[in-house]
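Worksheet for the structure shown next.
For ligands, and for the atoms within them, numbers begin at 1 and follow the listed sequence. Computation of the quantities below employed the complete heavy-atom set of this structure, encompassing side-chain atoms and omitting hydrogens, waters and symmetry-equivalent molecules.
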Amino acid sequence: MMCVQFKVRKVIHFYYKGIMEIRSQDLVILLGSVTLCLYLYIKWIYNYWGRRNVPYLKPRFPFGNVEPIWATKLGFHQTIANIYKEFKTKGYKFGGAFTLLRPAFVPVNLDILKHIMIKDFQYFVDRGVYYNEETDPLSAHLFSIEGDKWRSLRTRLSPTFTSGKMKHMFQMVMDCGKGLEDEVQKLCKNKQPVDIKEIGALFTTNVIGSCAFGLECNCFENPNNEFRHHTREFFKGGIGRVTRNLVTLTFPSLCKKLGVIVFPEDTTKFYKDVVKNIVDYREANNVKRNDFVQLLLNIKNGDSSEGNAFTFDEIAAQAFVFFLAGFETSSSTMTFAFYEMAKDQEVQDKVREEIRRVVAKYDGKITYDGIMEMTYMSQVFDEALRKYPIVATLERIATKDYKVPDSDLTLKKGTKVLISLQGIHHDPEYFPNPEKFDPDRFSPENREKLHPCAYMPFGEGPRICIGLRFGIMQAKIGMAIMLKDYKYTLNRNNPDMELSSKAPLLAPKGDVLLHIEKVD
Ligand code: HEM
C-alpha cells in the first residue's frame with residue numbers, strides 16, 4: 001500500500017513539475033513575444049517620419065522628443081523651440097518630432113507656415129486640443145471646439161471685439177484702473193516692492209470680470225477672492241499639469257473615450273454657478289448690457305440669425321474661456337514688459353515721456369484716442385510679446401490629407417502640427433541678437449519688412465486670437481496707469497527672472513518683484 005501511495009505521489013510530482021516547467025517556459029515565450037511585438041511596434045512608430053523621408057530627431061521611448069515629466073527643466077515651449085532651431089540650423093524647411101508616441105510635424109519655412117495658417121486654412125481648421133463636452137463641459141470652449149461648430153460660434157462672437165466695441169469698453173477698463181492706481185500708490189508710499197505679476201493679474205481679473213460679465217471682482221480689496229483663486233490654481237502648473245497636458249496632447253481620442261477631466265470639479269462648479277446667477281438675474285429682471293454675456297444670452301435664446309441656440313453648458317464654457325484666455329495672457333505680457341523696462345531705464349523713460357506728452361494733450365486724462373497714439377509703448381508691448389510669446393507653441397491638426405507646398409510630402413489626416421513661436425521669435429534670421437530687448441524692431445519701417453509669419457504672438461489666419469484688440473487695450477491702459485508717475489527698478493534681492501518649465505503658458509517662475517519710486 002505504502003509503495004502504491006509513494007508511486008502515485010511520484011507521478012503527481014512528475015506531472016506537476018512538468019506542468020510548471022511548461023507554464024514557466026510558455027510564460028517566458030509569451031512575455032518575450034509581447035515584448036518583441038511592443039518593441040517592433042514602438043520602433044515602427046518611431047520610424048514614422050523616416051518612412052516618409054522627413055528629417056526627424058531621434059526619439060526616446062516613452063517620451064519621444066520631449067523631456068521626461070519628472071525631470072522637465074526646459075519646459076514644452078523651449079523643447080519645441082530647440083527642435084525648430086535644430087531643423088533650421090540644418091537648413092530643413094520642416095521636420096518631424098514625437099510627443100510621447102505621437103508624430104508631430106514642425107514647420108520651419110515661413111512660406112509653408114503661411115500656407116498652413118492662412119492660405120490653406122481649410123486643411124487646418126482645428127487645433128486638435130482635447131475637450132469633452134460630456135464629462136468636462138467647461139473644456140468645450142471656442143479655443144478647443146472644432147469644425148462647423150467653431151466656425152459658427154466664431155462668426156457670432158466676433159462682433160464683441162470690433163474697434164467700436166473696444167471704444168465702448170474703454171471706460172469700463174479705466175474704471176478698473178482706479179483700483180490699480182490706488183494699489184501702486186499704496187505700495188510706493190509704504191516702500192514695498194511691487195509683485196508685478198500678481199498686481200497685473202488682479203487688474204486684468206477685475207477688467208475681464210467687469211467687461212465680460214458685468215461683475216465687480218474687487219481683487220485689490222480681496223486678492224484671494226474666488227475668481228482669482230480659481231484662475232491662479234488653473235495656471236499654477238506643476239508635474240500633474242505637465243503630465244495631463246502631455247497625455248491629452250498625445251492621446252486626445254483615448255482621453256475622450258476615458259472621459260478625462262481637465263478642469264477641477266470645484267472650478268467647473270464655481271464658474272457654472274457664476275454664469276447661471278448672471279443669466280437668471282438678467283432674464284428675471286430683463287436687464288440687457290452691452291457685454292459678452294449678453295451676446296451669449298442672445299445666442300442661447302436663439303435671437304441670433306445664424307446657427308442653433310446654445311445649451312447652458314455651452315454658454316458657461318465660452319464665458320469661462322474669456323476669463324482664462326483674457327487675464328493671464330495680458331497680465332503676463334505686462335509682467336515681461338515691466339521686467340525688461342526695469343532692466344533698461346532708457347526704454348522706460350521714453351515710454352513715460354510719451355505717456356505724459358499724450359496725456360497732457362488730452363487735458364491730463366488717459367483717453368482711448370490717447371492710448372492709440374502711444375506708439376512707442378506699442379513697440380515695447382510688441383517686443384515683450386516677441387521675446388516672450390505667451391502662447392509659445394501654436395497647434396493645428398490636418399483635418400484632411402495635405403500636400404505640403406514645394407515638397408513631396410503629404411501630411412496624413414490627423415497629423416499634429418506644432419508651430420514654435422518661441423523658436424521663430426528667437427530666430428536670428430528674423431530678429432538679430434534675439435535675446436536683446438529692442439523695441440525699435442517694431443518701428444513702422446522695421447515692422448513693414450517682417451514676413452507676416454515671423455511675428456505672430458496672437459496666432460494668424462482665421463483662428464487668430466479673438467480677443468487681440470481687447471488684450472492690447474487692457475495691457476496698455478495698465479501700463480499707462482502704472483508708468484505715468486512711477487519708476488520701476490530691479491529689486492536687488494530678486495534681480496533675475498527665470499521662466500517656468502511647468503506652467504501651461506509662458507510665465508515667470510516665481511514672483512517678479514520690482515522696486516518702485518515716484519517721479520515728479
Ligand atoms: C496679450 C494678450 C493675448 C495674447 C498674447 C493671446 C494669444 C492668443 C493666441 C496665440 C491664440 C491662438 C491663435 C492661433 O492658434 O492662431 C489665442 C486664441 C484665443 N484667444 Fe487670445 N491672447 C490674448 C488675449 C486674449 C483675450 C483678452 C481674450 C478674450 C477676452 C482672448 C481669447 C482668445 C480665444 C477665445 C482664443 C481662441 C480663438 C479661436 O480659436 O477662434 N485672448 N490667443
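By the criterion of a heavy-atom distance under 4.0 Å, both the backbone and the side chain of Arg463 are placed next to ligand 1. Within the 4.0 Å heavy-atom criterion, the part of Leu394 lying near ligand 1 is the side chain and not the backbone. Proximity of Met456 to ligand 1, defined as any heavy-atom pair under 4.0 Å, is not found for any part of the residue. Heavy atoms of Arg396 found under 4.0 angstrom from ligand 1 belong exclusively to the side chain.
Residue-to-ligand polar distances keep Ser330 apart from ligand 1: every N/O pair is separated by 3.5 Å or more. The shortest N or O to N or O distance between Thr333 and ligand 1 is not under 3.5 Å. Taking any N or O of Trp150, backbone or side chain, at least one lies under 3.5 Å from an N or O belonging to ligand 1.
Counting non-hydrogen atoms of neighbouring residues, nucleotides and ligands closer than 6.0 angstrom, the NZ atom of Lys167 reaches no more than 12 such neighbours.
Using a non-hydrogen distance threshold of 4.0 Å, Gln318 does not register as a contact of ligand 1. No heavy atom of Ala475 sits closer than 4.0 Å to any atom of ligand 1.
Val274 is not listed as a side-chain neighbour of Phe323, based on a closest heavy-atom distance of 4.5 Å or more.
Taking the six-membered ring where the residue is Trp, the centroids of His426 and Phe431 are separated by 6.0 Å or more.
Every atom of ligand 1 is numbered from 1 in the order shown, and the set under 4.0 Å from a heavy atom of Gly471 is 27 (C).
Checked by atom type, the side-chain pair Gln171/Asp175 shows a donor-acceptor distance below 3.5 Å.
Of the protein's non-hydrogen atoms, the one nearest atom 10 (C) of ligand 1 is Pro457 O, 3.2 Å.
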